[in-house]
Colleague: 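Take this structure, written in structure tokens, and hold onto it; I'll ask about it next.
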Number of protein chains: 4
Amino acid sequence: MKLSEKKLQKKKQEIILSAVKIVNQKGYQGATMEEIAAELLMTKGSLYYYFKNKEDLLFQCHEMVLGQAINELQDYFQEDLSNEQKLRKMIANHIRYMIEEKETFNMIIKPDQTFSKDYLHPILRKRNEYAASFDEVIQKGVEEGEFTIKEPKMARMILLGSMNWIQQWYRLDGDKSIEELQAIYADYLLKVVK
Amino acid sequence: MKLSEKKLQKKKQEIILSAVKIVNQKGYQGATMEEIAAELLMTKGSLYYYFKNKEDLLFQCHEMVLGQAINELQDYFQEDLSNEQKLRKMIANHIRYMIEEKETFNMIIKPDQTFSKDYLHPILRKRNEYAASFDEVIQKGVEEGEFTIKEPKMARMILLGSMNWIQQWYRLDGDKSIEELQAIYADYLLKVVK
Amino acid sequence: MKLSEKKLQKKKQEIILSAVKIVNQKGYQGATMEEIAAELLMTKGSLYYYFKNKEDLLFQCHEMVLGQAINELQDYFQEDLSNEQKLRKMIANHIRYMIEEKETFNMIIKPDQTFSKDYLHPILRKRNEYAASFDEVIQKGVEEGEFTIKEPKMARMILLGSMNWIQQWYRLDGDKSIEELQAIYADYLLKVVK
Amino acid sequence: MKLSEKKLQKKKQEIILSAVKIVNQKGYQGATMEEIAAELLMTKGSLYYYFKNKEDLLFQCHEMVLGQAINELQDYFQEDLSNEQKLRKMIANHIRYMIEEKETFNMIIKPDQTFSKDYLHPILRKRNEYAASFDEVIQKGVEEGEFTIKEPKMARMILLGSMNWIQQWYRLDGDKSIEELQAIYADYLLKVVK
DNA sequence: AATGAATGAGGGTTCATTCAT
DNA sequence: TATGAATGAACCCTCATTCAT
């Protein structure tokens with residue numbers, strides 16, 4: 001039982017990864033069950049053994065991607081860093097996601113056009129969870145005198161919004177490397193909160 | 001002749017507005033010709049009297065919305081203001097769009113997944129036209145010593161990106177009025193370029 | 001009254017000619033009322049002032065084209081020629097139609113896929129009228145000892161069939177001129193009846 | 001594997017046959033996917049499991065029908081017959097197709113108004129393949145002194161054209177049996193080439 | 001006599017979903 | 001577990017036809 005359960009979960013993971021990949025190439029509606037299955041050398045009918053329907057599959061994609069990102073942020077909190085250093089790291093991390101794993105973070109924009117009501121609530125909660133990490137650092141920075149900002153939530157919105165926009169225009173073959181981008185954004189966005 | 005031409009254009013406008021509305025509720029692919037027509041108490045077949053196909057209609061939506069925004073920006077350039085003042089106004093304007101005319105500006109995201117090659121080029125050009133206004137102000141501000149930024153383009157990306165994100169979370173019934181939001185964003189974003 | 005009647009008929013003629021032209025470029029189903037009207041700088045709505053519906057218009061095309069061809073054949077009967085000479089002329093004439101006015105004769109193939117029952121009967125009668133001219137010449141030729149054929153109807157079928165096929169393959173830029181084609185077909189087809 | 005492949009091919013065959021039938025009743029454009037499917041108690045959506053689109057289905061109809069006919073002609077070449085005898089057999093065969101399998105041969109008319117460029121080329125090639133068999137016999141007959149014709153290609157056109165026309169008028173309940181028809185046409189058409 | 005505008009039926013196509021095997 | 005096959009709803013689009021003006 002345990003073994004078969006493991007196998008099941010592993011297969012689910014594979015499917016989710018495939019779905020994430022296709023979604024980011026073709027967008028939400030452009031991703032077909034057929035293509036998601038084909039990526040794994042399966043047929044689309046099989047997907048329904050693992051997921052109730054397409055929305056369910058896409059929902060679990062969202063959970064996985066954002067959950068992973070949240071975990072990474074948590075790690076920075078363990079480290080002994082100033083809030084500015086933490087925020088810089090978080091910014092760099094987010095940007096890396098936005099570019100290298102654009103495939104995944106892509107999903108997080110405009111969920112209300114994709115998901116039905118039942119799914120929307122947990123999705124928004126997960127989002128907030130992610131945002132909360134930023135809030136925490138900013139808040140702490142204010143308390144400890146590193147930042148001067150009066151509206152920490154607004155600042156967080158500006159940070160995340162500006163970074164989410166990156167995937168709209170960034171091309172890997174452009175004139176800026178990811179590292180440069182991370183540095184510039186960190187510098188400029190730190191000016192917002194300082 | 002003139003009269004009928006006027007009428008035609010007016011009807012086209014109505015359809016475009018209806019399309020914009022539906023698109024913003026359901027997204028590009030989610031917006032059906034049927035629904036766009038129903039909004040105006042027409043049948044979908046009739047739309048094809050005015051527009052070649054769905055893509056054409058959506059394209060003209062894009063042109064209208066962005067064109068209008070560009071015109072408004074131009075006005076600020078006529079006025080005798082410092083670059084900072086101009087930029088503040090442009091920020092306030094953009095934010096107002098993002099909130100009050102959310103229905104329209106919403107469209108501007110991810111054109112490459114929606115439009116075919118033929119339409120993509122003019123769309124991107126229009127986008128750049130809009131962005132160019134921001135670039136100009138920022139650039140001038142740098143030249144005239146108001147701003148200190150080293151990467152004006154990056155700064156513009158941060159500005160627009162953060163503002164475009166507003167519509168993802170802003171609710172009219174929230175605890176901030178538009179005016180407050182405009183003020184806060186202007187302050188914080190000015191810190192980026194200064 | 002008379003004058004307006006004349007005008008009406010003239011306009012009808014124009015429409016029929018336009019229809020014939022479009023039909024032969026695009027085929028029966030490919031010809032749209034819109035295009036037929038556009039050719040005359042009219043709008044499709046206007047066509048319905050002159051013709052009950054599309055089928056009616058197309059029917060009258062058929063009548064006109066075939067009626068004209070029949071008249072031309074009649075002329076040969078007035079002339080003082082041997083039956084062989086007459087038949088040669090008729091063959092040449094048919095071939096000319098098939099090529100130069102391919103636009104028109106085209107219509108005559110496969111009427112049963114195009115016309116509803118009501119129209120089918122008169123259409124077939126007109127066809128038979130045309131064929132009867134050939135029958136007459138062949139029959140006379142047999143009676144007067146010029147031809148030896150035992151099955152005049154079969155021969156006529158072979159003649160017309162082979163000539164109708166020409167439009168399937170003949171290209172004006174090919175290696176045979178119309179005159180050469182007429183001569184060869186006349187020679188070879190005469191061998192059938194002789 | 002082999003089995004399911006067989007089944008697939010068999011189903012494809014069934015669909016093709018259904019399509020051929022409908023096409024011959026209603027013509028190319030008149031034949032709808034819906035009707036083709038209904039004939040087999042399927043829904044039109046299912047057809048797309050087997051064929052890419054309507055054009056693809058119709059193309060494969062053409063390939064099947066003509067391919068089969070070509071094979072039959074090849075057989076006559078194996079036999080030890082004079083060219084005249086061969087040609088007679090080929091004529092009889094073609095006529096039989098034209099009548100008994102009218103449903104299928106009917107398709108071969110006017111491909112250029114139906115098929116897009118991609119399909120047109122192979123279609124015309126297949127046609128030429130069929131015609132080439134006739135050319136070969138006629139040519140050989142000329143070389144071996146059986147036939148006297150100067151323009152073998154023209155003769156072939158006359159032969160095929162006249163026979164293709166048969167389906168326009170032949171009715172099974174008419175006064176001629178197929179065998180009579182075959183005999184008469186063979187006699188008369190042989191006069192053309194001799 | 002003509003037109004602009006609208007309609008509505010119908011066609012091709014896509015695709016999530018189902019289900020027997 | 002997985003699949004092949006089928007379904008059916010939904011979509012875009014075309015076009016003959018209608019009708020008030």
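Chain naming here is simple, since letters A, B, ... match the order of the sequence lines and numbering starts at 1 in each.
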Colleague: Does the side chain of Thr43(C) get closer than 4.0 angstrom to OP1 or OP2 of dA2(E) through an N or O atom?
Modeller: no

Colleague: State, yes or no, whether a side-chain contact exists between Asp56(A) and Asn53(A) at a heavy-atom distance under 4.5 Å.
Modeller: yes

Colleague: Table please: side-chain donor-acceptor pairs of residues 35-43 of chain A below 3.5 Å, with sequence neighbours left out.
Modeller:
from     : atom 1 : to       : atom 2 : distance (Å)
Glu35(A) : OE2    : Lys26(A) : NZ     : 2.7
Glu39(A) : OE2    : Lys21(A) : NZ     : 2.8
Thr43(A) : OG1    : Ser46(A) : OG     : 3.3

Colleague: Distance check needed: dT14(E) P versus Phe51(D) CZ, whole Å only.
Modeller: 15 Å

Colleague: Starting at atom CG of Leu47(C), determine the distance to atom C1' of dG4(E), rounded to an integer number of angstrom.
Modeller: 14 Å

Colleague: With heavy-atom distances below 4.5 Å as the criterion, would you say the side chains of Met33(B) and Tyr48(B) are in contact?
Modeller: yes

Colleague: Is there side-chain contact between Leu124(D) and Leu120(D), with at least one heavy-atom pair below 4.5 Å?
Modeller: yes

Colleague: Evaluate side chain to side chain contact (heavy atoms under 4.5 Å, CB included) for Leu8(C) paired with Tyr49(C), printing each intermediate quantity in order.
Modeller: CA-CA 10 Å; Leu8(C) 186 91; Tyr49(C) 181 79; 4.1 Å; yes

Colleague: Using whole Å, report how far CG of Leu57(D) lies from P of dG11(E).
Modeller: 16 Å

Colleague: So Leu58(B) and Phe115(B), do their side chains get closer than 4.5 Å, heavy atoms only?
Modeller: yes

Colleague: Name the first nucleotide and the last nucleotide along DNA chain F (5' to 3') that come under 4.0 Å of a heavy atom in chain A.
Modeller: dT1(F) to dG4(F)

Colleague: Find which nucleotide of DNA chain F each of Met42(A) and Lys52(B) is nearest to by heavy atoms, and output the residue with the more 5' nucleotide.
Modeller: Met42(A)

Colleague: For a quick check of understanding: with a heavy-atom distance under 4.0 Å over all strands, which category does Lys11(D) fall into, base, sugar-phosphate or nothing?
Modeller: sugar-phosphate

Colleague: Taking for each residue the nucleotide of DNA chain F bearing the nearest heavy atom, is the 5' side occupied by Glu55(C) or by Gly45(D)?
Modeller: Gly45(D)

Colleague: Choosing from dA2(E), dG4(E), dA1(E), which nucleotide comes nearest the side chain of Tyr50(C)?
Modeller: dA2(E)

Colleague: Which residue, Lys12(B), Arg125(B), Lys126(B), forms the salt bridge (charged side-chain N to carboxylate O under 4.0 Å, His left out) with Glu63(B)?
Modeller: Lys126(B)

Colleague: List for me each residue that meets ring pair (Phe, Tyr, Trp, His ring centres under 6.0 Å) alongside Phe51(D), sequence neighbours excluded, and say none if there are none.
Modeller: none

Colleague: Go through the structure and list residues passing ring pair (Phe, Tyr, Trp, His ring centres under 6.0 Å) with Phe59(D), not counting sequence neighbours.
Modeller: Tyr119(D)

Colleague: Going by number, which of residues 29-41 of chain D have a non-hydrogen atom under 4.0 Å from DNA chain F?
Modeller: Leu41(D)

Colleague: How many whole angstroms separate atom OH of Tyr28(A) from atom C1' of dA16(E)?
Modeller: 17 Å

Colleague: Can the ring centroids of Tyr28(C) and Tyr28(D) be said to lie less than 6.0 angstrom from one another?
Modeller: no

Colleague: Rounded to the nearest angstrom, tell me the gap between atom CG in Asp56(A) and atom P in dA16(E).
Modeller: 14 Å

Colleague: Between Leu58(D) (CG) and dG11(E) (P), how many Å, whole number?
Modeller: 15 Å

Colleague: If you assign Tyr49(C) and Ser46(D) each to the DNA chain E nucleotide with the nearest heavy atom, which residue ends up on the more 5' nucleotide?
Modeller: Tyr49(C)

Colleague: Test side chain to side chain contact (heavy atoms under 4.5 Å, CB included) on Gln68(D) and Met64(D) and set out the steps.
Modeller: CA-CA 6 Å; Gln68(D) 193 178 316; Met64(D) 199 262 301; 3.7 Å; yes

Colleague: Given atom OH of Tyr48(D) and atom C1' of dG11(E), what is their separation to the nearest angstrom?
Modeller: 8 Å

Colleague: Can you list every stem that DNA chain F is part of, counting only runs of 3 or more consecutive Watson-Crick or G-U wobble pairs with both distances under 3.5 Å?
Modeller: E:2-21 with F:2-21

Colleague: Any N or O donor-acceptor pair linking the side chain of Lys7(B) to the base of dG4(E) at under 3.5 Å?
Modeller: no

Colleague: Does any non-hydrogen side-chain atom of Lys11(A) lie less than 4.5 Å from one of Glu14(A)?
Modeller: yes

